[in-house]
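When reading the values below, keep in mind they use all heavy atoms of this one structure, side chains included, and skip hydrogens, waters and symmetry mates.
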Amino acid sequence: MDLMRRLTFLLSALTLALLLQTASHGEELSDAVRAAVTRVEDHIVRIRPVGSLVSVEQEDVASVPSTGIVVSERGEILTSAFSLQGDPQAILVETRDGQRYPARVVAADLIRKLVLLQCEGGNWKPVDLSFTEIPAPGEWSIGLGRFYRTDQSAISVGVISAVNRIHGMAIQTDAKVSPVNYGGPLIDLSGQFRGILVPLSPRDEGGASAGVEWYDSGIGFAIPTRDVAMVLERLRKGADLKPGKFGIALKQVSLFSSDIVVERVVAGSPAAVAGLQSGDRLLSANNITINRPPILESLIAASYAGDTLNFEIERSGTKQMISVQLSDQLPEPEAGYLGLLPVGEKTKTEEPTELESDRKNGILCAVLEGGPAFEAGLRGRVRITAIQGKATETLPEFLTQLFSISPKQSVRVSVAAAGAETSKTGDVEFVAAAEPSGMRRLTESELIAACGAAGGNQVPTREEHQIEDIGGCVVFRPAASDRESQPGMLVLVSSSTETEERLLARWQSVMSSHNLVLVVPQNPERTGLTAEDVPLIAAAIQKVSSESEIDKTRTLLIAAHGQAEIAKRLIFALRSPVRGIVMLNGWFSGSEADDMGRSRRSVLLMDSSADPQSRALLDAARKRLTDCGLRVKTATSTTGLATDESIERVVADWSLLIKSL
């Protein structure tokens, strides 16, 4: 018993010693954090916008305070662009002692999401920007913000979890980063300034709010001191720093392909001015090897308009250097319109006959009435085997050739008959027109040419799929038929809570006539879908596409008012499978869109409101989206939405017309 008592006593003593040691280390950490915060408190201010309206957690909130950092004795303040959303009528800067000073915006960095303010008057204590060493993963980090009080910062402690994140621009920390400390400093345990806390996203969806959805998640970002100092000098010149635009589309390859080849160069773009050509292989830029597509994407995403990228390329087996000066926008060359609609042909699994083998060369197209091809004598379905004398064996080749044609340009196509209707064959010449500006309704003969004859208004088949633990989707397919064309896909984000009976009552007819598959994503709660459900929506599209043949050029998403964030993320994502967005009674303003590989995506804005303010917002949204390179149509009671047309019929027709060339 004595031995047991001694052992128990020794174990208790050891446990107590360990607890005391742990407590001692905890007290040391607390003391270090307090000392570090004290060193920088005088450099931190609160930003108070006046008359602004921003969205926080999907709620509109007026005049949300945020944080800024003093960077000069002259009253220069750096803050996050998130702080000044909503076009505030005035900006006040509040110091630690409660003094308020008016401020104005000098300039903004639209890539790293920083804004430089200039205050009048005051006694300012600037932070030290000379310590530009990048912290190492595992180091302690402290995030500070002045959201609640002017005299004391909110404190969040964590570690540096990674560096060179978000296209190489950011430090990542697991300290809680949120609107409470956006624009505030990230410091280390010695009080050294290591960066400015900002919300960021790899895809930059949502402008200054991009990345807000990650707040308090353990994924937070800061622009490092080195880059803050560089940006500050450029912002002092008074001009906004805008994302640089390049102007190419790459040949479609996997994310891990090392063969980075230019497929198309936008006419008049920086790439075209520098002399880049289709077929050029990109080897490096500014001495950084480009052996995967994301490397090129990151280089451009982190570069400003006016920056120069020095490329080493390979052309026809010879290496050479080309310098490209990025611009803030790309020209919007008007594409020529031929009145042809490519038909997504199903893959033939059996061995082709000799006749089918002969017909394989070329792209099957429906001829749209009233277009240049129709006026030249083409009818029904035709097979285009060459454009301007160059064979069109695959759809990408066909599209690449058509994208280079401008309005009023003479076009020569080689045509083979592909239907019972009499049509010209051989070489046919005509002049390309401008793309029609308004909406139109497809005729019965055009529908048959584009989709094949419908097998009557039969009851669609129904499937239900579980998608891991994030939800599932219900899939409705048109009744089986012998159509040789692939169906399009409508992803009904707006209908996630609608009864199946009502949904089919609205869509069943056009499912049959327009050869459409309906996909209804559903989250586990069976509630309306939000931006948090974007992974579910993308997974549902992928699952349906992988399990059956789908015309990928007709993968469309339908969103309702209040689901603009979903639409933005899916239309602007570089590798999104969504080719078009329909906004029902709503709109979204364009964010900065990446110009690589995102060609001919489309938006249909539908609004039945007669309110002049709504119409003005709709027009503004259309212009901004068009400036981002999207093909935009509007359908209202006065623009293409006739009284005898249902919304479903307009959407179904548009699902085909977005393919027209």
Side-chain angles (χ1 to χ4, degrees), residues 341 344 366 368 436-444 446-447 450-451 454 457 460 474-478 485-496 498 500 502-521 529 537 540-541 544 550-564 566-567 570-571 577-588 600-609 618 621-622 625 630-660:
L341 196 161
L368 297 180
S437 58
M439 294 287 293
R440 56 163 293 192
R441 183 167 184 166
L442 291 172
T443 66
E444 197 65 29
E446 288 174 327
L447 275 177
C451 301
N457 192 17
V474 177
V475 182
F476 299 98
R477 301 182 187 274
S485 62
Q486 298 170 330
M489 182 196 302
L490 296 185
V491 185
L492 303 182
V493 174
S494 60
S495 302
S496 60
E498 188 174 359
E500 294 183 8
R502 176 172 169 75
L503 186 148
L504 289 178
R506 295 195 296 113
W507 290 101
Q508 183 172 326
S509 176
V510 294
M511 287 179 64
S512 176
S513 61
H514 292 68
N515 198 16
L516 289 168
V517 171
L518 302 186
V519 178
V520 186
L529 300 181
I537 298 166
I541 295 172
V544 176
I550 293 291
D551 185 348
K552 293 181 173 58
T553 60
R554 294 181 68 200
T555 299
L556 312 178
L557 182 142
I558 302 179
H561 180 70
Q563 294 179 318
I566 297 175
L570 287 169
I571 200 67
V578 176
R579 309 312 300 171
I581 296 283
V582 181
M583 287 299 300
L584 301 175
N585 290 317
W587 50 84
F588 61 92
R600 297 186 73 82
R601 294 192 186 179
S602 304
V603 175
L604 175 62
L605 301 173
M606 303 189 70
D607 198 298
S608 57
S609 172
L618 199 68
R622 174 174 179 163
L625 292 170
L630 300 172
R631 303 170 71 198
V632 186
K633 300 284 187 183
T634 55
T636 67
S637 57
T638 59
T639 59
L641 186 58
T643 55
D644 63 339
E645 290 180 320
S646 67
I647 289 176
E648 292 74 27
R649 175 59 193 252
V650 172
V651 171
D653 279 356
W654 183 73
S655 77
L656 286 163
L657 289 171
I658 63 171
K659 298 176 56 179
S660 61

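Put simply, CG on Leu368 and CG on Leu657 are 6.5 Å apart, with the number rounded to the nearest 0.5 Å. Interatomic distance, Leu442 CG to Leu447 CG, rounded to the nearest 0.5 Å: 5.0 Å. Atom-to-atom distance recorded for Met583:CE and Leu557:CG is 9.0 Å, nearest 0.5 angstrom. Taken from OG in Ser655 to CG in Leu490, the straight-line distance is 6.0 Å, to the nearest 0.5 Å.
Considering only heavy atoms from C-beta on, Pro577 stays 4.5 Å or farther from Lys552 through its side chain. Using a 4.5 Å cut-off on side-chain heavy atoms (C-beta onward), Leu570 and Val493 make no contact. Side-chain contact between Ser602 and Ile581: absent, with no pair of heavy atoms (C-beta onward) separated by less than 4.5 Å. Side-chain contact check for Ile550 versus Pro487: some heavy-atom pair is nearer than 4.5 Å.
Scored by the side chain to side chain donor-acceptor pair (under 3.5 Å) test, Ser494 finds no partners at all (sequence neighbours excluded). Taking the side chain to side chain donor-acceptor pair (under 3.5 Å) definition, one finds that Thr555 meets it with nothing, sequence neighbours left out. Taking the side chain to side chain donor-acceptor pair (under 3.5 Å) definition, one finds that Glu446 meets it with Arg440, Thr443, sequence neighbours left out. With sequence neighbours left out, Thr553 forms a side chain to side chain donor-acceptor pair (under 3.5 Å) with Asp551. Residues forming a salt bridge (charged side-chain N to carboxylate O under 4.0 Å, His left out) with Glu500 (at least two apart in sequence, or on another chain): Arg462.
Heavy atoms only, all atoms of each residue included: Leu492 and Trp507 are closest at CD1-NE1, 3.9 Å. Residues Trp654 and Lys633 approach most closely at NE1-CG, 4.0 Å, considering heavy atoms. What you find for Ser485 and Cys451 is that their closest heavy atoms are OG-O, 3.0 Å. Considering all non-hydrogen atoms of both residues, Lys659 and Arg554 come closest at CD-CG, 3.3 Å. Across all their heavy atoms, Arg477 and Val544 have their closest contact at NH2-CG1, 4.0 Å. Nearest heavy-atom pair, Pro521 versus Leu529, reported as atom, atom and distance to 0.1 Å: O-CD1, 3.7 Å.
Partner of Met606 under the side chain to side chain contact (heavy atoms under 4.5 Å, CB included) criterion, chosen from Val582, Thr634, Ile558: Val582.
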Test log, rule side-chain contact (heavy atoms from CB on, under 4.5 Å), inputs Val519 and Ile541: CA-CA 8 Å; Val519 178; Ile541 295 172; 5.9 Å; no
Criterion side-chain contact (heavy atoms from CB on, under 4.5 Å) on His514 and Arg649, from CA distance to verdict: CA-CA 9 Å; His514 292 68; Arg649 175 59 193 252; 3.7 Å; yes
Worked verdict on Val474 versus Leu503 for side-chain contact (heavy atoms from CB on, under 4.5 Å): CA-CA 12 Å; Val474 177; Leu503 186 148; over 6 Å; no
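Asp653 places no side-chain N or O within donor-acceptor distance of the main-chain N or O of Arg441, the cut-off being under 3.5 Å.
Residues in residues 504-518 take part in these salt bridge (charged side-chain N to carboxylate O under 4.0 Å, His left out) pairs, two or more places apart or across chains: Glu498-Arg506, Arg506-Glu648.
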